[in-house]
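Counting starts at 1 for both ligands and their atoms, in listed order. What you see is a predicted model, and the numbers here were worked out from it, not measured in a lab.
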Amino acid sequence: MKIVSTEPSQVLAGRIADALNISVVDVKFSRFPDGELYLCANGLEEDMIIVGSVVDNDSLVQLVLLIDACEGSNNRLVIPYMGYARQDKRFKTGEPVSARAISRMLSWGIGRCITVNIHDKRVLSYFKIPASDVSLSRDIGTHIKDMDLSDPLILAPDEGAAAFAREVAAIGTWECDHLEKTRISGDEVRMAPRTLSAENRPVVIVDDIISTGSTIATAAAMLRDHGAGEVFAACVHGVLTGGAYARLKAAGIKEVVCSDTIERGCSRYSAANRISEALSQ
Ligand code: R5P
């Protein structure tokens, strides 16, 4: 068994290979003059582990091409970050269920699929093959432990992230809460911790995804109004689009960290251990 990856997931794939003590396949990636993607993998085997985050349309096409190159029904697919997963239902008539379309597309030529903190686990049922999800809550919790903060409050920016925040908080038996949005007027929203006080204590806001950074930047501003101490942000998937990292720093966030499901300069913990555990089962 060997591991092969798309370009955006090569570092994570290397870490998974090290954890499983297997080798990595060398792939040549290029483009035809008309812009079409081309790849050629050197030394594929019968049973492959294929790793590829869907971070944009090119990475999706690379993944589809790689699956076809591998040609084996026992191949296992790891999708560390699955773009399009947030469009997991039809919000208005005429829209696609994009998560379903992508899941179906990636199910051919694969025996099993593993995702990491997928936006909603219901998306797993869209795959045509057995699919399971692993969580990095333990890894984020361990990172927060290493930060050595005094009595931190672990905070989810909304109710949807509350269960994930509780899993993270359990690692250090820290207190945990989520922000509650109250609509003051048509264009004014107030966010405050639901039950616990953030006053004069470090706060770590945790979420599955930081995309534009607006959710966390708004939360940080509200926390400042509530007299919070230093504010940190930790997520699984650092999408960080449109200058999000700078937006968060400008909002006064002391440190922004993410995992390597999307490889970033601020990737501070790896999904490799959880993925290799799942692959070993
Ligand atoms: C929403 O359901 C997600 O959990 C994140 O809170 C959201 O995707 C973050 O987006 P942004 O960084 O653009 O506010």
Side-chain angles (χ1 to χ4, degrees), residues 53-56 79-92 95 97-100 102 115-124 126 133-137 139-141 144 153-169 176-183 187-194 198 203-224 231-269 271:
S53 280
V54 177
V55 294
D56 53 24
I79 312 174
Y81 170 67
M82 185 174 152
Y84 289 100
R86 280 180 285 175
Q87 177 78 18
D88 55 3
K89 57 183 175 207
R90 187 170 285 129
F91 295 92
K92 51 178 205 231
E95 287 182 348
V97 181
S98 309
R100 183 178 60 192
I102 302 300
T115 59
V116 180
N117 287 102
I118 194 153
H119 187 61
D120 189 320
K121 282 201 183 147
R122 280 175 293 193
V123 170
L124 299 176
Y126 291 145
D133 187 66
V134 297
S135 175
L136 301 195
S137 54
D139 308 272
I140 295 185
I144 296 172
L153 174 64
I154 310 300
L155 199 66
D158 52 37
E159 204 172 350
F164 180 61
R166 279 195 296 274
E167 283 171 30
V168 172
C176 179
D177 200 355
H178 68 265
L179 289 173
E180 201 160 61
K181 271 189 213 168
T182 315
R183 187 157 290 284
D187 56 3
E188 200 188 345
V189 169
R190 184 172 296 153
M191 283 164 107
R194 205 169 54 100
V203 179
V204 186
I205 309 174
V206 297
D207 207 349
D208 57 343
I209 301 172
I210 300 178
S211 183
T212 63
S214 347
T215 304
I216 289 189
T218 308
M222 297 299 162
L223 286 167
R224 211 175 29 246
V231 178
F232 303 82
C235 71
V236 176
H237 310 296
V239 175
L240 300 176
T241 191
Y245 186 87
R247 179 168 307 120
L248 293 172
K249 290 300 282 180
I253 309 263
K254 177 98 177 139
E255 194 183 16
V256 181
V257 290
C258 63
S259 80
D260 55 0
T261 56
I262 303 174
E263 293 165 6
R264 299 284 184 213
C266 58
S267 297
R268 291 283 179 278
Y269 29 86

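Taking S214 as the reference, T212 meet the side chain to side chain contact (heavy atoms under 4.5 Å, CB included) condition, with sequence neighbours excluded.
Using a heavy-atom distance under 4.0 Å as the criterion, the protein contacts of ligand 1 are R86, H119, D207, D208, I209, I210, S211, T212, G213, S214, T215.
The number of heavy atoms from other shown groups lying within 6.0 Å of CZ (R122) does not exceed 12. Within 6.0 Å of the NZ atom in K89, the count of heavy atoms belonging to other residues, nucleotides or ligands does not exceed 12.
Here the closest heavy-atom approach between residue L136 and residue S259 is recorded as CD1-CB, 3.5 Å. The two residues R247 and A217 have their closest heavy-atom pair at CG-CB, 4.4 Å.
Side-chain contact, S98 with Q87: no donor N or O sits under 3.5 Å from an acceptor N or O.
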